[in-house]
Amino acid sequence: TQFSRWYSQAGTPKVTSKGTWDAAKGTWTLTLTQTVPPTPGQRTKERSLVRVVTALLGKDGKRVPLVVDGVARGTETVLELTKNEQQFVFSGLKEAPVPSLLRGFSAPIHLETDDDERALLFRLAHDDDAFNRVEAGQELFLRHLLANVATIQSGKAPAAPSAQLVDAVKTALSTALTGGDPALFALALSVPGLDVIGDRLPWADYSSAYQAREHLVTALATALSGLIGEVDAHLSKTLDGAAYRFAPDDVGRRSLRNVMVAWRSRLPDGEKYVLAHHQRAGSMTDTQSAL
């Protein structure tokens, strides 16, 4: 009955999460709160059943065993949010964990967390859930971009990305050389476009947003130029000279390689990379990206 409300009432639920660490007890308490904003014809909303697939990450980046409200649940579990607010107590922990919530986009909600930059950086670099890696990367980029938009509006030069952000991007990109879904790496490492940045601004200052975005892409490309070249070459081993296939793995490789080419285009000798990419293009996707 409660789950069926997904089909009978309009609006996207908003779920907020807050984590509290108790070092003395070795417990981490997760508080989840759900609200659904009113929509035309439905001002009052009833609670839905929200599935929040959850894992906790240790400092080594691996999932830790879960004991939730006294019950062992492996290293990944489904938390069922059925009330306006619920608490889930994770016990038997040796250190404060980094939460990995809504794994695999387990419910179509807006999730608002209390994650600080440290947690986002950690998830971008280490989370084994691709959805959370994408979300962490996009939020980190947006926070940096929005801060620089304000800096540019004040008449100052934009700030360089922090060493921690560059290191997290480097770690994530290095993982693309050894495995994982290249399509999701492409999403995680794509700097948000002007439309996304504009949605987060109080007014649409696209000139400042453009300057902030170009500055960030150029800074990342400069700092990671060697690794970007390695990833490009790694992907090209499979793509160059092969017949075009509209298959998920090839689409992912093309997507990630086009991100790498876009970054390399910001380097002083970037034009040669773009021209070479245009000449090797085996699909309209590559040709369009180069152009």
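In this chain, residues are counted from 1 in sequence order.
- Under a 3.5 Å cut-off, the side chain of D116 and the backbone N or O of A119 do form a donor-acceptor pair.
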Subject >> Evaluation steps, side chain to side chain contact (heavy atoms under 4.5 Å, CB included), between L216 and F141 >> reply: CA-CA 8 Å; L216 176 57; F141 287 149; 3.9 Å; yes
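- With a 4.5 Å cut-off on side-chain heavy atoms, F185 and R133 count as touching.
- To the nearest 0.5 Å, atoms CG (D128) and OG1 (T175) are separated by 11.0 Å.
- What you find for A209 and L201 is that their closest heavy atoms are CB-CD1, 4.5 Å.
- For OH of Y210, the number of neighbouring non-hydrogen atoms (other residues, nucleotides, ligands) closer than 6.0 Å is 12 at most.
- For Q42, the CD atom is densely surrounded, since the number of other residues' heavy atoms within 6.0 Å is greater than 12.
- The closest side-chain donor-acceptor pair between D129 and S100, if any, does not fall under 3.5 angstrom.
- Formation of a donor-acceptor pair under 3.5 Å by the Q34 side chain with backbone atoms of K83 is found in this model.
- Scanning all heavy atoms of the two residues, the minimum distance from P182 to G180 falls at CD-O, 3.3 Å.
- The two residues L30 and S17 make their nearest non-hydrogen contact at CD1-CB, 3.9 Å.
- Within the 4.5 Å cutoff, side-chain heavy atoms of P97 are placed close to those of W21.
- Counting heavy atoms from C-beta on, the side chains of L184 and L187 come closer than 4.5 Å.
- Defined by atom type and a distance below 3.5 Å, a donor-acceptor pair is missing between the side-chain atoms of T35 and K45.
- Donor-acceptor pairing under 3.5 Å is lacking for the side chains of R47 and T82.
- With no hydrogens or angles considered, no side-chain donor-acceptor pair links H277 and D232 at under 3.5 Å.
- Side-chain atoms of E76 do not come within 3.5 Å of backbone N or O of V53 as any donor-acceptor pair.
- To the nearest 0.5 Å, atom CG of residue L194 and atom OH of residue Y206 are 7.5 Å apart.
- Atoms CG and CG, from L111 and L102 in turn, are 5.5 Å apart once rounded to the nearest 0.5 Å.
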Subject >> From CA spacing to verdict: salt bridge (charged side-chain N to carboxylate O under 4.0 Å, His left out), R200, E139 >> reply: CA-CA 11 Å; R200 295 278 285 265; E139 182 62 25; 3.3 Å; yes
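- Grouping the Ile, Leu, Val, Met, Phe, Trp and Tyr side chains by contacts below 4.5 angstrom, directly or via other members, places V67 apart from L32.
- Side chains of W6 and P108 form a contact here, defined as non-hydrogen atoms less than 4.5 Å apart.
- With values rounded to the nearest 0.5 angstrom, R257 atom CZ is found 5.0 Å from D286 atom CG.
- A donor-acceptor contact closer than 3.5 angstrom links the side chains of D205 and Q153.
- S106 places a side-chain N or O within 3.5 Å of a backbone atom of R51 that can act as its donor or acceptor partner.
- For S174 (side chain) and A172 (main-chain N/O), no donor-acceptor pair under 3.5 Å exists by modelled atom type.
- Side-chain N or O atoms of N258 include none that pairs as donor or acceptor with a backbone N or O of S289 at under 3.5 Å.
- No side-chain donor from either of Q87 and T29 sits under 3.5 Å from a side-chain acceptor of the other.
- For the atom pair CD (E135) and CG (D115), the distance works out to 11.0 Å, reported to the nearest 0.5 Å.
- Looking at D114, its side chain does come within 3.5 Å of a backbone N or O of G19 through a donor-acceptor pair.
- Not a single donor-acceptor pair under 3.5 Å links the side chain of R63 to the backbone N or O of G58.
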For residues 266-274, tabulate all N or O donor-acceptor pairs below 3.5 Å that involve a side-chain atom, not counting sequence neighbours.
{"residue": "R266", "atom": "NE", "partner": "E214", "partner atom": "OE1", "Å": "3.3"}
{"residue": "R266", "atom": "NH1", "partner": "A262", "partner atom": "O", "Å": "2.9"}
{"residue": "R266", "atom": "NH2", "partner": "E214", "partner atom": "OE2", "Å": "2.8"}

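- Applying the 6.0 Å contact sphere to CD of Q9 captures more than 12 heavy atoms from other residues, nucleotides or ligands.
- Here the closest non-hydrogen pair linking L93 and P65 is CD2-O, 4.4 Å.
- For the atom pair CG of L140 and OG of S162, the computed distance is 8.0 Å after rounding to the nearest 0.5 Å.
- Linking ILVMFWY side-chain heavy atoms closer than 4.5 Å, directly or via other members, places I197 and I152 in two distinct hydrophobic clusters.
- L173 and F131 end up in different hydrophobic clusters when Ile, Leu, Val, Met, Phe, Trp and Tyr side chains are linked at under 4.5 Å.
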**OP:** Would you please test R143 and E117 for salt bridge (charged side-chain N to carboxylate O under 4.0 Å, His left out) and show each step?
**Re:** CA-CA 9 Å; R143 289 185 184 186; E117 185 174 357; over 6 Å; no
Side-chain polar contacts of residues 244-253 - donor-acceptor pairs under 3.5 angstrom, sequence neighbours left out - could you list them?
{"residue": "R245", "atom": "NE", "partner": "D250", "partner atom": "OD2", "Å": "3.0"}
{"residue": "R245", "atom": "NH2", "partner": "D249", "partner atom": "OD1", "Å": "3.0"}
{"residue": "R245", "atom": "NH2", "partner": "D249", "partner atom": "OD2", "Å": "3.1"}
{"residue": "R245", "atom": "NH2", "partner": "D250", "partner atom": "OD1", "Å": "3.3"}
{"residue": "D250", "atom": "OD1", "partner": "R253", "partner atom": "NH1", "Å": "2.8"}

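- More than 12 heavy atoms of other shown residues, nucleotides or ligands fall within 6.0 angstrom of atom CZ in R5.
- Heavy atoms only, all atoms of each residue included: A157 and T151 are closest at O-CG2, 3.3 Å.
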